[in-house]
Amino acid sequence: MGARIKAISTPFERDNTPADWSLITQRLAAYLNALGVTNLTEIAQLSEQVQRRVTARAAVTMLEDAIEAAIEETLVLLDDWLLAELGSHSDANTLAAARAAVLGGEIPNWTARWVSTTAAERADSGFAAVLRACHLVAVPPLAPLPMHTSSIDLCCQRSRRRMSGAICRFFCQPETRNP
Amino acid sequence: MSNPSWFSRLGRYFHRPIFFSLTALTTLGAMSLLSAAIQDGGITPLELALLILYAILMLWITASFWTAALGFVRILRRLRQQATSSITSRQQSQPVLADTTEPCKTALVMPVYNEDPKRVFAGLRATYQSLVETGQADGFEVFVLSDTRDPDVWVQEEMQWRRWARELGEPARIFYRNRVENTARKSGNLAEFCRNWGGRYRYMIVLDADSVMAGETLVEMVRRMEADSRVALIQVPPVPVNRSSLFARMLQFAGSLYGSMFAAGLSYWQQDTANFWGHNAILRVRPFTEHCGLPQLPGNEPFGGEILSHDFVEAALLARAGWKVHLADDLGGSYEEIPPTLIDYAKRDRRWCQGNLQHSRLVLAHGFKSLSRIHFVMGVMSYLASPLWLLFLIATGIEAYFRSLTVPVYFFGDNVLPVWPQSYAVEMATVLWVTLALLFLPKFLSLVLLAFDANLARRFGGLPKAAISVLIESFFSVLLAPVLMLFQSKFVVAILLRTTVGWPTQERGDHQTGFAEAFGAHSVHTLIALVAGLATYFYVPNFFWWFTPVLAGLALSIPVSMITSRMALGRLARRTGLFLTPEETNEPRVLRLLEENLAQAELPAMTNEDNFWLRAVVNPCTYALHAAQLPDEAPSRRRRHALEGLIFKLQDGGLNGLSTREKRTLISHRDGLHELHTLLWSNGESLNSTIKSN
């Protein structure tokens with residue numbers, strides 16, 4: 001873990017909003033830093049967006065832990081941005097690959113784009129192509145071949161089976177011998 | 001009759017009769033010597049047992065001897081014809097890849113199981129780089145077939161793959177997949193590859209985790225497959241390389257010098273029904289998928305269940321279906337690494353022993369070719385020979401003891417003159433010398449080969465130094481043989497008592513044996529040597545002196561094991577020109593590439609860390625990379641609960657509370673990974689302190 005994380009409690013107000021955002025912001029800044037966002041202005045802007053999301057979420061559902069919610073919302077924010085860049089038809093694998101590409105440092109200055117690009121700019125198909133090009137194919141398309149189990153007849157296997165069958169019949173099914 | 005190719009075709013029919021006749025005649029000759037020595041007025045049950053044991057062991061030794069001797073003749077002949085049959089000339093005369101509608105890509109597949117990712121990828125990279133240098137890389141794709149269960153190693157493998165794949169760019173030629181379940185181990189791993197992607201390739205070249213192959217060799221293997229459509233498998237004998245310890249350097253030297261002779265001899269009599277050694281071989285994918293789906297053997301382990309040593313069986317199944325299986329003893333550029341110490345060597349034997357003994361059930365199975373049955377028998381004998389030697393030694397000792405009890409009677413009946421007891425010392429000595437000659441002559445023949453080929457001799461450090469190396473190697477092999485005999489006998493007995501031996505991962509890297517390890521492994525051997533030595537010295541003193549080479553090996557096993565594991569001694573031997581191999585005097589390009597890759601293989605900012613998997617989960621970048629490799633699964637409440645249970649367990653018990661399997665489960669699903677990642681970042685201090693305290 002890059003930055004040391006301090007233990008903090010995250011109490012809630014009666015209306016289910018976090019009481020002290022400064023503590024959450026501290027942890028959030030560390031997490032954004034680990035994501036690769038190093039510019040303080042960008043961190044501030046993203047923290048603000050995350051705070052809005054957490055507050056909105058707290059308004060409709062009971063939050064157990066505000067920091068956990070903030071980390072989750074950060075990831076959702078990132079995914080939302082990537083989905084907007086890639087286009088809504090993108091599947092989970094494309095999204096995961098794009099996330100790996102940006103966090104893996106394959107796209108320079110991606111944090112600035114994440115923070116500052118408007119919806120109109122996100123329609124830029126060039127950036128989506130760059131994102132998709134970073135997708136490394138782990139396996140090629142399937143080209144199946146049937147592979148059936150070969151049979152190996154071990155020596156005496158059949159005769160042993162036949163003999164044990166006969167013994168079993170003799171002792172276990174006497175009615176078949178005495179009609 | 002004057003046509004040499006017709007003559008050589010006709011000669012091929014005599015290869016096997018020549019080999020088997022020589023083996024049988026030599027065995028009979030040696031047996032007649034022993035029976036003359038021990039049949040003194042009839043034969044006792046013990047003497048009969050001795051004769052039978054000797055017959056089996058002699059058959060084994062003479063088969064090895066004649067394989068080496070025929071290989072010697074073959075290499076001598078090849079040396080004379082060398083100028084006209086170089087690989088390059090053949091490459092020019094025939095196209096590498098024929099133009100057909102069938103896909104002609106070759107997959108370089110490397111099944112791995114908890115191996116060192118740095119070494120795995122450095123080796124693969126070297127092989128691929130060498131292939132690129134041939135200009136023929138377009139016809140090949142690389143597949144890392146991971147069966148790795150260790151989550152740390154798994155994550156590192158992914159990182160290594162990603163780095164390499166990113167470097168190479170498009171089109172993608174480096175693939176990686178990790179199996180969810182490692183059903184049927186290595187054979188299941190290969191079978192799963194064939195079932196999913198077999199239709200994409202005409203050939204696959206199977207590599208081991210420590211294999212390295214030269215690009216030229218890979219191309220030549222494909223060319224040979226293309227040249228004969230009835231060949232389903234070509235095995236290229238791997239040469240051991242890259243180890244520094246004295247033990248390993250002696251093995252490398254022996255493998256390089258004598259190994260080529262044995263391979264040439266094997267190829268001589270095996271012809272189109274050679275064997276598969278599990279790696280460094282090319283396989284035709286379609287017949288492999290049609291005939292090599294391995295069944296489970298009836299019954300329980302160790303003799304039933306999954307077929308462990310799958311390679312022999314796959315070769316036998318291909319031969320049974322009428323396909324040719326070749327051993328390309330004339331091809332170089334095929335390398336592997338060997339265990340660095342005697343104890344590691346024994347550990348590897350322990351893994352192989354069960355698989356080979358399992359083949360005893362297949363020897364008489366219906367439909368296999370006779371030669372495939374012989375391969376099975378040879379596989380069994382490579383481990384059964386040890387307990388048989390042990391029994392033979394014990395029986396000889398008992399026989400000697402009984403003879404020592406016999407009081408000679410000089411005057412009996414009406415004889416006035418004394419009747420001197422007949423001495424069989426000459427016959428016994430002859431038996432011993434014949435046995436020793438059969439064991440050591442191949443070493444001498446290899447030196448004769450060097451005497452014939454000055455260039456080859458230079459690559460082994462020159463004839464005088466090679467001769468000294470052979471002498472020292474022979475001395476150590478005499479010391480080590482009884483130790484290996486006891487090790488292997490123990491494994492065989494454990495398996496016969498139905499104790500599963502298991503399939504532990506091999507420790508492949510260079511390391512040395514400490515006193516504690518050596519004492520733990522060899523103290524029993526030393527004790528046996530002391531007890532047997534005292535017993536024979538006091539009760540059968542005549543036998544004691546014959547027995548000293550065996551006793552010395554066992555008594556000195558602790559220091560010998562430690563000394564031979566020393567890398568400093570190995571390096572010193574190298575500096576003085578001992579145990580040099582051609583790969584050391586003139587390092588092949590592909591091995592140089594391997595060294596370079598190993599030097600560059602350190603992952604930045606991620607080395608020397610414990611619990612790599614957990615840090616990989618915490619690090620958002622690695623988390624994202626790993627998540628991208630996982631399948632997109634439909635959410636399941638049951639799985640979610642199971643994962644949450646594991647996360648609670650991690651929180652409560654720390655890392656030691658989770659088994660490797662549980663750690664793997666935690667990072668095997670995107671939802672579990674996400675949960676863990678979020679939790680670690682939101683609740684960092686308490687969990688981190690727990691983790692650190694472990």
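In the text below, chain A, chain B and the rest are named by the order of the sequence lines, each starting its count at 1. Everything quoted here is computed from the prediction, not taken from an experiment.
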Evaluate the side-chain proximity of [Y] to [X]: yes if any heavy-atom separation is below 4.5 Å, no if none is.
X        : Y        : result
A:Asp91  : B:Asp632 : no
A:Val139 : B:Tyr176 : no
A:Thr149 : B:Leu294 : no

Contacts of B:Ser360 that satisfy side chain to side chain contact (heavy atoms under 4.5 Å, CB included) - sequence neighbours left out: B:Phe303, B:Val380

Those residues that, when tested against A:Ala29, pass side chain to side chain contact (heavy atoms under 4.5 Å, CB included) (two or more places apart): A:Ile43

What's the spacing between [X] [atom1] and [Y] [atom2] if we round to 0.5 Å?
X        : Y        : atom1 : atom2 : answer
A:Tyr31  : B:Thr678 : OH    : OG1   : 6.5 Å
A:Glu72  : B:His677 : CD    : NE2   : 10.5 Å
A:Leu35  : B:Trp681 : CG    : CH2   : 8.0 Å
B:Arg320 : A:Ile152 : CZ    : CD1   : 6.0 Å
A:Leu142 : B:Arg200 : CG    : CZ    : 10.5 Å
B:Leu630 : A:Asn93  : CG    : CG    : 10.0 Å

Quick one: closest heavy-atom pair of [X] and [Y], and the distance?
X        : Y        : value
B:Ala624 : A:Leu103 : CB-CD1, 3.6 Å
B:Arg195 : A:Met147 : NH2-O, 3.0 Å
B:Phe143 : A:Pro140 : CZ-CD, 3.4 Å
B:Arg162 : A:Ala100 : NH2-CB, 3.9 Å

Checking [X] against chain A: side chain, backbone, both or neither under 4.5 Å from a heavy atom?
X        : answer
B:His626 : neither
B:Arg166 : both
B:Trp161 : side chain
B:Val313 : side chain
B:Tyr623 : side chain
B:Leu297 : side chain

Chain B contact via A:Pro146 - which portion, at a heavy-atom distance below 4.5 Å: backbone

Engaged part of A:Leu28 at the chain B interface, taking heavy atoms whose separation is under 4.5 Å: neither

Under 4.5 Å, counting heavy-atom pairs only, tell me which of [options] racks up the most with chain A.
options                                : answer
B:Pro631, B:Cys621, B:Pro620, B:Ala628 : B:Pro620
B:His291, B:His674, B:Arg670           : B:Arg670
B:Ala321, B:Gly367, B:Ala191           : B:Ala191

Backbone N/O of A:Ala138 and side chain of B:Arg177: donor-acceptor pair under 3.5 Å: no

